[in-house]
Number of protein chains: 2
Amino acid sequence: MTATSNKEACTPRTSQEGPDVRPVEGPQADEELASLTKALGHPARVQIMRLLVRREACICGDIVDELPLAQSTVSQHLKVLKDAGLIRGEIDGPRVCYCVEPRTLRRLKALVGSL
Amino acid sequence: MTATSNKEACTPRTSQEGPDVRPVEGPQADEELASLTKALGHPARVQIMRLLVRREACICGDIVDELPLAQSTVSQHLKVLKDAGLIRGEIDGPRVCYCVEPRTLRRLKALVGSL
DNA sequence: TCATTTCATCGATGTTCTACGATGGACCTT
DNA sequence: AAGGTCCATCGTAGAACATCGATGAAATGA
């Protein structure tokens with residue numbers, strides 16, 4: 001199959017976790033907010049997040065095709081988002097399926113909302 | 001007076017403006033989200049925003065005292081936030097009063113919320 | 001087994017960011 | 001007028017980032 005998205009591969013196991021009890025203010029939270037916004041602070045990475053959020057499913061491959069950047073550059077951006085915990089990548093045969101990490105995204109929204 | 005905050009100098013004239021009609025998705029919105037998060041993507045700048053939001057008023061001077069950075073560096077960070085439209089600075093005699101730009105902050109929240 | 005596909009990583013290069021001290025302008029206070 | 005305070009800007013040095021092409025690893029498929 002062409003497999004551009006996949007609802008099975010990495011359906012968010014974390015989505016029905018309990019509420020986040022971490023404080024939304026304080027030095028720790030500030031660092032976290034800075035780190036998350038920094039990760040998101042690039043047009044290509046925003047675009048990637050949009051792609052993943054819109055589909056509400058993983059995207060297996062084909063992310064490169066959506067962006068006007070070289071494959072290695074896109075891979076680099078995916079790594080930044082992954083290191084920030086905003087997305088997750090699971091190996092699916094020859095491809096890698098990327099999907100958002102709902103928990104971290106919620107955390108980002110909570111932190112921004114606290115401003 | 002010592003004047004660390006000032007409710008009069010730049011009370012947000014923009015706070016009772018109408019709702020933002022700009023779209024929260026699309027290429028334009030993506031660029032905007034990237035630009036705003038990039039501006040916020042540094043611990044010092046998050047701290048500055050916290051300072052301003054917490055007081056719900058302007059801070060005239062003294063911002064430097066709150067951060068472990070040189071005056072010129074803090075000024076640099078303030079400029080980044082100002083260029084992004086997240087804060088506003090008004091000259092108040094020898095000092096400059098900084099306060100958040102509620103409109104832009106709301107916009108940021110809306111954009112992040114759309115993810 | 002061998003070629004192909006998919007992606008991560010490496011190395012190089014140019015750009016941007018972060019930080020500082022020094023300087024200078026604008027505005028009080030005396 | 002002189003001195004002091006507050007802050008922006010400049011110049012600079014080092015770190016980090018963004019981008020690309022090339023290479024390599026892992027898995028599939030012929």
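Values in this document were obtained by computation on a predicted structure and should not be read as measured data. In what follows, chains are A, B, ... by sequence order, proteins preceding strands, each numbered from 1.
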Distance-only, no hydrogens or angles: does the A:K109 side chain make a donor-acceptor pair with backbone N or O of B:L115 under 3.5 Å?
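It does hold such a pair.
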Within the side chain of B:R45, is there an N or O that forms a donor-acceptor pair under 3.5 Å with the backbone of B:A39?
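Checked: pair present.
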Taking the side chain as every heavy atom from C-beta outward, state whether A:E25 and B:R50 have any pair of such atoms under 4.5 Å apart.
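Of all side-chain heavy-atom pairs linking B:R50 with A:E25, at least one is under 4.5 Å.
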Is the closest side-chain heavy-atom distance between A:R106 and A:P102 below 4.5 Å?
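A side-chain contact under 4.5 Å exists here.
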Residue whose nearest DNA chain D nucleotide is more 5′ - A:T73 or B:T73
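The 5'-side residue here is B:T73.
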To the side chain of A:L69, which of D:dG21, D:dC7, D:dT19 is closest?
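Looking only at side-chain atoms, A:L69 lies closest to D:dT19.
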Of all the heavy-atom pairs spanning [X] and [Y], show the shortest one and how long it is.
| X | Y | answer |
| --- | --- | --- |
| A:G85 | A:E101 | O-CB, 3.2 Å |
| B:K82 | B:G89 | CD-N, 4.1 Å |
| A:V112 | A:L33 | CG2-CD1, 3.9 Å |
| B:L36 | B:T104 | CD2-CG2, 3.7 Å |

Pairs: protein N or O with nucleotides 23-26 of chain D N or O, under 3.5 Å:
none

Would you kindly give the [atom1]-to-[atom2] distance between [X] and [N], to the nearest whole Å?
| X | N | atom1 | atom2 | result |
| --- | --- | --- | --- | --- |
| A:I59 | C:dT6 | CD1 | C1' | 15 Å |
| A:I63 | C:dT6 | CD1 | P | 13 Å |
| B:L67 | C:dT18 | CG | C1' | 14 Å |
| A:D92 | C:dC7 | CG | P | 10 Å |

Please state whether the phosphate of C:dC20, meaning OP1 or OP2, lies under 4.0 angstrom from any side-chain nitrogen or oxygen of B:S72.
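So the side-chain polar atoms of B:S72 never come under 4.0 Å of the phosphate oxygens OP1 or OP2 of C:dC20.
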Excluding sequence neighbours, so at least two apart, what forms side chain to side chain contact (heavy atoms under 4.5 Å, CB included) with A:D20?
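For A:D20 the side chain to side chain contact (heavy atoms under 4.5 Å, CB included) partners, ignoring immediate neighbours, are A:R22, A:R103, A:R107.
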With sequence neighbours left out, write down each residue that passes side chain to side chain contact (heavy atoms under 4.5 Å, CB included) with B:K79, or none if nothing qualifies.
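Here the qualifying residues are B:D83.
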Donor-acceptor contacts under 3.5 Å from residues 66-76 of chain B side chains, at least two apart:
none

Contacts to DNA chain D from residues 36-45 of chain B, heavy-atom cutoff under 4.0 Å, which residues?
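None - not one residue of the stretch has a heavy atom sitting under 4.0 Å from the strand.
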Give the residues of residues 74-87 of chain A touching DNA chain D, defined as any heavy atom closer than 4.0 Å, sorted by residue number.
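Listed by number, they are A:Q76, A:H77.
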So A:I91, base contact, sugar-phosphate only, or nothing? Heavy-atom distance under 4.0 Å.
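No contact.
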